[in-house]
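A short worksheet on the structure shown next.
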Amino acid sequence: MLNALFGKKSTMPTKDDALPGRAEPIPTAEAHFIFHRPLKSPVPEGMEEAMFGMGCFWGVERKFWQLNGVWLSMVGYSAGLTPNPTYKETCTGMTGQNEVVRVIYDPAVISYDDLLKVFWEGHDPTQGDRQGNDVGTQYRSGIYTYTDAQAEAAEASRKVYAERLKGAGYGPITTEIKPASKFYFAEDYHQQYLAKNPSGYCGIGGTGVTCPIGLKA
C-alpha cells in the first residue's frame, strides 16, 4: 500500500487523469502578514518577480521574506495542470502542481543571482520528488523563470552548483527549470505561515554545500 501511494504521488498526472479544479480562484489572504501590503499587488515599476519550488512552501517563503530587497512574498501552486487547486487536491499528486513561492523584489537592492543562491543552498536539489520526509511531485525542486535573462542565470547556476554537489558526494541535480506558468494563490492560512506560527513545521534543509557568490566556479 505504501509503495502504491508513493508511486502515485511521485508520478505526474496526464491531462486526462488530472483533477478538474475550478474556474474561480480559491480565497486567500488580503494582505501580507508581515509587510502589510495587498497580497495581489501588481509588480511595481522597477521591480521584478521570481518563482521557486523547493519543498514545503511554509519554510521556503520564510527564507525569502527575510531577504533585504524582497518587497512581497506569497505561496501558491504552479507548474501543473489543475486550475485553482486546493491544498488537499495538490497533496493527492493528481494536480501536477508544485508548492511554490513567488516573490517580488527590487533588483537595485537584491539581484536574481542572490535569490538563486538562497534557492540552491536552502534545500537538497538532488532528491527528485521529495524534500526529506515530504514525498510527492508537489515538493519537487523547480526554478520558474519570467525572462530569458532569468532562464540563462538559472541554467548557469545549476551547472556550477552541480559541480560543487558532485564534489561533495551528492548525485545529479533534479531541479526543473522552465518558464513560469500561471500562479494560483494558496489558501489564507498558508500565507506567511511561519510568521503566524513561529514553532510550526518546516521540512526543508540544505546540503551544506555553498553555492559561490556570483555563481562563478
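Only a predicted model underlies this, so the values are computations on that prediction, with no experimental measurement involved.
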**Asked** Does the Gln192 side chain pair with the main chain of Phe33, one donor and one acceptor, at a distance under 3.5 Å?
**Response** yes

**Which atom of Cys202 lies closest to which atom of Gly59, heavy atoms considered** = SG-CA, 3.6 Å

**Request:** Carefully, step by step, assess His123 and Val60 under the rule side chain to side chain contact (heavy atoms under 4.5 Å, CB included).
**Result:** CA-CA 9 Å; His123 74 305; Val60 177; over 6 Å; no

**Prompt:** Applying the 4.5 Å side-chain criterion to the ILVMFWY set and letting contacts propagate, would Leu81 and Tyr184 be lumped into a single cluster?
**Reply:** no

**Request:** Among residues two or more places apart or on two chains, list those pairs meeting ring-ring contact (aromatic ring centres under 6.0 Å, His included) that have a residue in residues 66-106.
**Result:** Phe57-Tyr77, Tyr87-His190

**Message:** Applying the side-chain contact (heavy atoms from CB on, under 4.5 Å) criterion to Met47, which one of Asp106, Leu72, Val109 satisfies it?
**Reply:** Asp106

**Request:** Taking the side chain as every heavy atom from C-beta outward, state whether Leu115 and Leu67 have any atom pair closer than 4.5 Å.
**Result:** yes

**Asked** Does the Gln150 side chain pair with the main chain of Tyr146, one donor and one acceptor, at a distance under 3.5 Å?
**Response** yes

**Request:** May I ask you to test the Tyr112-Thr145 pair for a side-chain heavy-atom distance under 4.5 Å?
**Result:** yes

**Prompt:** When you measure from the side chain of Ser78 to the backbone N and O of Lys182, does any donor-acceptor pair fall under 3.5 Å?
**Reply:** yes

**Asked** Taking all non-hydrogen atoms of both residues, which atom of Ala29 and which atom of Asp188 are closest, and how far apart?
**Response** CB-OD1, 3.5 Å

**Fill in**
Interatomic distance, CD1@Ile204 vs CG@Asp134, rounded to 0.5 Å, equals 10.0 Å

**Asked** If every non-hydrogen atom of Leu165 is compared with every non-hydrogen atom of Pro125, which pair is closest and at what distance?
**Response** CD1-CG, 3.8 Å

**Message:** Less than 3.5 Å apart, any donor N or O on the side chain of Glu61 or Ser73 sitting next to an acceptor on the other?
**Reply:** yes

**Side chain Lys117, main chain Ser157, donor-acceptor under 3.5 Å** = no

**Message:** To the nearest 0.5 Å, what is the distance between CD on Gln97 and CD on Gln138?
**Reply:** 11.0 Å

**Asked** Under 3.5 Å, side chain of Asn84 to main-chain N/O of Ala23, donor-acceptor pair present?
**Response** yes

**Request:** Starting at CD of Gln191, measure out to NZ of Lys196 and round the result to the nearest 0.5 Å.
**Result:** 6.5 Å

**Message:** Before you tell me yes or no, could you show the steps for Glu89 and Arg22 under side chain to side chain contact (heavy atoms under 4.5 Å, CB included), namely the whole-Å CA-CA distance, both residues' side-chain angles and the distance that decides it to 0.1 Å?
**Reply:** CA-CA 11 Å; Glu89 289 170 344; Arg22 55 201 49 79; 2.8 Å; yes

**Message:** Taking Glu155 first and then Arg158, would you say they form a salt bridge - that is, a charged N and a carboxylate O separated by under 4.0 Å?
**Reply:** yes

**Request:** Given side chain to side chain contact (heavy atoms under 4.5 Å, CB included), test Ile143 with Trp120 step by step and report yes or no.
**Result:** CA-CA 10 Å; Ile143 303 172; Trp120 290 120; 3.7 Å; yes

**Complete:** In this structure, CZ of Arg62 is separated from CD1 of Ile34 (nearest 0.5 Å) by 10.0 Å

**Item:** Separation between CD of Glu99 and CD of Gln131, rounded to the nearest 0.5 Å
**Value:** 11.5 Å

**Request:** Flag yes if more than 12 heavy atoms outside Asp17 fall under 6.0 Å of its CG atom; otherwise flag no.
**Result:** yes

**Spatial distance of atom CD1 (Ile173) from atom OG1 (Thr126) [nearest 0.5 Å]** = 8.0 Å

**Message:** If you define the side chain from C-beta out and look only at heavy atoms, does anything of Asn197 sit under 4.5 Å from Tyr189?
**Reply:** no

**Donor-acceptor side-chain pairing of Tyr161 and Thr207 below 3.5 angstrom** = yes

**Request:** Any chance you could lay out the side chain to side chain contact (heavy atoms under 4.5 Å, CB included) test for Leu194 and Trp65, step after step, and finish with the verdict?
**Result:** CA-CA 11 Å; Leu194 291 180; Trp65 85 52; 4.2 Å; yes

**Message:** Between Ile104 and Pro44, is there a side-chain heavy-atom distance shorter than 4.5 Å?
**Reply:** yes

**Message:** Between Thr137 (side chain only) and Met12 (backbone N and O only), is there a donor and an acceptor less than 3.5 Å apart?
**Reply:** no

**Message:** Donor-acceptor pair, distance only, cut-off 3.5 Å: does the side chain of Thr174 make one with the backbone of Gly128?
**Reply:** yes

**Message:** Looking at Lys159, I want to see if its NZ is surrounded by more than 12 non-hydrogen atoms of other residues, nucleotides or ligands under 6.0 Å.
**Reply:** no

**Asked** Nearest heavy-atom pair of Thr175 and Ser141: which atoms, and what distance?
**Response** OG1-OG, 2.7 Å

**Message:** Students often mix this up, so state it plainly: with edges at 30° and 60°, are the rings of Phe183 and Phe185 parallel, tilted or perpendicular?
**Reply:** perpendicular

**Request:** Answer yes if the side chains of Glu176 and Tyr144 hold a donor-acceptor pair under 3.5 Å, and no otherwise.
**Result:** yes

**Complete:** For Thr82 and Pro20, the nearest pair of non-hydrogen atoms, with its separation, is CG2-C, 4.0 Å

**Prompt:** Is Glu121 reaching over with its side chain to a backbone N or O of Cys211, donor-acceptor style, under 3.5 angstrom?
**Reply:** yes

**Prompt:** Do the ring planes of His32 and Phe35 sit parallel (below 30°), tilted (30 to 60°) or perpendicular (above 60°)?
**Reply:** parallel

